[in-house]
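Okay, structure first, notes after.
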Amino acid sequence: MIGIALAVLLIAGLVLNGLRLRGRAAALPTLPADDAPAEEPAFHAIVAEGVSLDDVSRRAATAYAYRQADDIVDLIPRDLPVTAARDLVRHMSPPDADGPGNGLGPGSALLVVPAVLERAQVPGPEAIATADLIGLARRIKHYARDRTGLVIAPALRVGPDDLSRRRSRLRASGTIVPVDLALSLVPYALLVAEAIISWPLALVALAVFCLQPYLIFAGTALRPRGLHMAALPRPLYDPYVWVRTAGGKWRSEAEKHDATARAEAREYYDAELAKGVDRFLEPRRETCPWCGSGELSVRLRSPDLVYRKPGTFTLDLCGGCGHTFQNPRLTPAGLDFYYRDFYDGIGAATAETIFTTSSHDYLARARMLEPATTPKRWLDVGSGHAHFCAAAREVWPETVFDGLDQGAEIEEAARRGWIAHAHRGMFPDLVGGLQGIYDVVSMHHYLEHTRDPYAELDAAAKILPSGGHLLIELPDPEWRLGRMFGKYWMPWFQPQHQHMMPIENLKKVLADRGLAPVAEERATAHQHNDFVTAAYLWFAGFAPDLSLPWSSKRRTPARRMWRGMVWTVGVPALLTGIVLDRMVGGTVARRTGRGNAYRVLARKEDALDD
């Protein structure tokens, strides 16, 4: 019985995943063979080493971009080597109703208008390594009108696949290589388990395993080179790819630059950590910053579970109002230390990947305004790179979006064209220059990061006119599963989250400031990520990234092998977490009417005196 159940699970998984990837491959457009522009616009070509971009393909791609009103085209060779083709369809995110997709390409050839390169502050090299072109394309597509721009070029020619460089290609695409390799091992491991339990059923599953590459690509415009070799002897070919990938020593220029940056950062962190981290905490307070009650108790203690910077942090719960807050809280210097290299520097690429995959939530936030108003000028506070604003324009194409943040990324957001104006600084300090401009202000997962939420809400109340709207989204500390996961519930997010407020607390202080709540969303604001992020944080504790410059340990071959072993076990747990988030977390949210986040929309009733 176990053998039958395992075989059904394995075969169903192979078929469904094959169909999912086939859908992505089939959705890729192909350049018309005889297409050429009547008057060729100016496009700069960036071609990977070993790739031959013929004049016919270049002209056809230019005509395609001109016709589609695109300012960037990412060309895919029809006969892309099979491993690179599989990586492409596995990691790319196609456009859909929830957003434009990630636009991740194969790193073969790119045509881009010079203005995009200028905004991205990229010189535009003529030829670079495939891994570097993948990373470059990811970056400059943020400055283009179409962030996808993928199209198959039948005549484009690419050289043989060098699997020793695959590790660098995966890193350039934003992939965590140990997790990716472990994910690839899952069906293989299930095949081995099935062979032990029931070899006849294992033969059936093996046939499906070998035929899956044909299911993905056969009949699509992609005709990967080496498909037969990757399919028929797949039980031998896949391990060969894994070994070549894991043992790859080649490094791209971007990786070399990153290694230099990490070495320089290590000098900073070694000096700071030598002084100790206790100095980054203020004296412990005895009263609640929300209501002033002295009825405090420890809700949880947690280290930095995401980046593993040293330190332990405490969240206290107020028995008077239910407010949860960091106590003792970080000093301004502590905030600088723990935020450093998280959203910028070393952590910029990871943060970019996470924010790029949240289009569904961005659109849901924007649509909350539909019954209430038609925004004219919208200020997003804590905007970062303004991913929300870029997505919200699909809902409100006539609205002017501006962004506000403390970091330099807000100025880059303006260069990308995702916002009209960038305001850099702390919101309460900039109030004087923002009054009378905006009819909508939003704060999405921002208030919980601030030292003084009251000051932030006061600022919003001051700049909004009568009839203006404030939209807030926050983690919900009353979410039942949050208590179950303890410190591994991601929204506790120490040490960055300093205040976690129940929805009724927020609504009350909004009303006190003349901001009357007119709508709220709880279950519909739920994000399906509790189980999977808890599993990730738990396994990451056993196999942390030792390349980070604040790590007290150094990477060795044995530790790299251990990390790979941990994630071989961890990836099935992550997959289980994804399923549980939908089946359990989603069900609890629907039945209770609550989720792990909530949204409140408030309307300014009366203007306040300055």
Side-chain angles (χ1 to χ4, degrees), residues 288-290 299-302 304-306 313-318 321-327 329-330 338-339 342-343 351 354-355 357-358 360-362 364-365 368 380-384 387-388 442-454 456-457 470-510 517 520-537 577 581 584-586 588-589 592-602:
C288 171
W290 197 264
R299 186 156 194 172
L300 66 87
R301 291 188 174 91
S302 174
D304 175 0
L305 294 174
V306 178
F313 312 94
T314 302
L315 287 175
D316 275 1
L317 172 66
C318 175
C321 69
H323 186 69
T324 298
F325 64 101
Q326 189 182 78
N327 192 23
R329 70 175 179 176
L330 289 173
Y338 286 103
Y339 272 82
F342 199 99
Y343 300 102
I354 294 171
F355 293 137
T357 58
S358 302
H360 174 77
D361 295 322
Y362 299 149
R365 296 167 189 168
M368 194 173 177
D380 187 44
V381 180
S383 198
H387 291 84
F388 163 75
S442 58
M443 300 175 174
H444 303 127
H445 293 272
Y446 166 77
L447 269 184
E448 67 269 34
H449 290 262
T450 62
R451 288 170 60 81
D452 186 356
Y454 280 173
E456 306 292 335
L457 297 174
L470 173 63
L471 175 61
I472 296 176
E473 180 172 309
L474 289 168
D476 191 345
E478 298 177 306
W479 174 234
R480 295 181 180 182
L481 296 185
R483 294 191 293 271
M484 182 183 78
F485 287 117
K487 65 182 181 180
Y488 294 104
W489 187 50
M490 178 61 85
W492 294 132
F493 199 21
Q494 290 302 290
Q496 293 199 20
H497 285 183
Q498 300 186 66
H499 296 276
M500 301 279 278
M501 56 216 74
I503 189 170
E504 295 303 324
N505 285 16
L506 178 65
K507 289 162 62 176
K508 182 180 183 302
V509 298
L510 288 174
E520 64 181 66
E521 293 180 354
R522 304 196 70 170
T524 53
H526 178 72
Q527 300 173 5
H528 300 277
N529 57 19
D530 288 330
F531 284 90
V532 68
T533 53
Y536 176 82
L537 293 176
D581 276 319
V584 177
V588 173
T592 62
R594 296 183 176 184
N596 55 14
Y598 64 77
R599 302 183 187 111
V600 173
L601 179 65

Does His444 reach the side chain of Leu471, with side-chain heavy atoms less than 4.5 Å apart? yes
Main chain of Pro502, side chain of Glu504: is a donor-acceptor contact present, judged purely on distance under 3.5 Å? no
Give, for atom CG of Leu506 and atom CD1 of Ile472, the distance between the pair rounded to the nearest 0.5 Å. 4.5 Å
Please determine which of His499, Gln498, His497 meets the side chain to side chain donor-acceptor pair (under 3.5 Å) test together with His449. His497
Test log, rule side-chain contact (heavy atoms from CB on, under 4.5 Å), inputs Gln527 and Asp581: CA-CA 9 Å; Gln527 300 173 5; Asp581 276 319; over 6 Å; no
To the closest 0.5 Å, what do you measure between CE (Met368) and CG (Leu601)? 5.0 Å
Could you tell me which non-hydrogen atom of Ala589 sits nearest to which non-hydrogen atom of His526, and how far apart they are? CB-CG, 3.9 Å
Validation row: Glu448, Pro475 side chains within 4.5 angstrom (heavy atoms): yes
Are the side chain of Tyr454 and the backbone N or O of Trp290 linked by a donor-acceptor pair below 3.5 Å? yes
With sequence neighbours excluded, what pairs up with Asp530 under the side-chain hydrogen bond (donor to acceptor under 3.5 Å, both in side chains) test? Trp479, Trp489, Asn596
Can you confirm whether the side chains of Asn327 and Thr314 place a donor and an acceptor under 3.5 Å from each other? no
Residue pair Leu481 / Phe531, side-chain heavy-atom distance below 4.5 Å: yes
Between Arg451 and Leu330 (side chain of the first, backbone of the second, donor and acceptor by atom type, cut-off under 3.5 Å), is there such a pair? yes
Measure across Thr450 and Leu447 and return the closest heavy-atom pair with its distance rounded to 0.1 Å. OG1-O, 2.7 Å
By side-chain hydrogen bond (donor to acceptor under 3.5 Å, both in side chains), which residues pair with Tyr338, not counting sequence neighbours? none
Derivation and outcome, side-chain contact (heavy atoms from CB on, under 4.5 Å), residues Lys507 and Glu520: CA-CA 10 Å; Lys507 289 162 62 176; Glu520 64 181 66; 2.7 Å; yes
Do any N or O atoms from the side chain of Gln326 and from the backbone of Pro495 form a donor-acceptor pair under 3.5 angstrom? yes
Taking the six-membered ring for Trp and the single ring otherwise, decide whether the centroids of Tyr446 and Phe388 are under 6.0 Å apart. no
Distance-only, no hydrogens or angles: does the His323 side chain make a donor-acceptor pair with backbone N or O of Pro289 under 3.5 Å? no
Using a 3.5 Å distance criterion without hydrogens, assess whether the side chain of Glu521 forms a donor-acceptor pair with backbone atoms of Tyr598. no
I want to check something: taking the side chain as every heavy atom from C-beta on, are Leu305 and Met490 in contact at a cut-off of under 4.5 Å? no
Leu457 side chain near Leu510 side chain, heavy-atom distance below 4.5 Å: yes
So how far is it from Leu470 CG to Glu456 CD, rounded to the nearest 0.5 Å? 11.0 Å
Determine whether the side chains of Glu473 and His445 contain a donor N or O and an acceptor N or O closer than 3.5 Å. yes
Could you tell me whether a side-chain N or O of Asn505 sits under 3.5 Å from a main-chain N or O of Gly322, the two making a donor and an acceptor? no
For Val600 against Pro517, the heavy-atom pair lying closest together: CG1-CB, 4.2 Å
Can you pull the salt bridge (Lys or Arg N to Asp or Glu O under 4.0 Å) pairs that have at least one residue in residues 477-489, sequence neighbours excluded? Glu478-Arg522
Rounding to 0.5 Å, atoms CE (Met501) and CG (Leu474) come to a distance of 5.5 Å
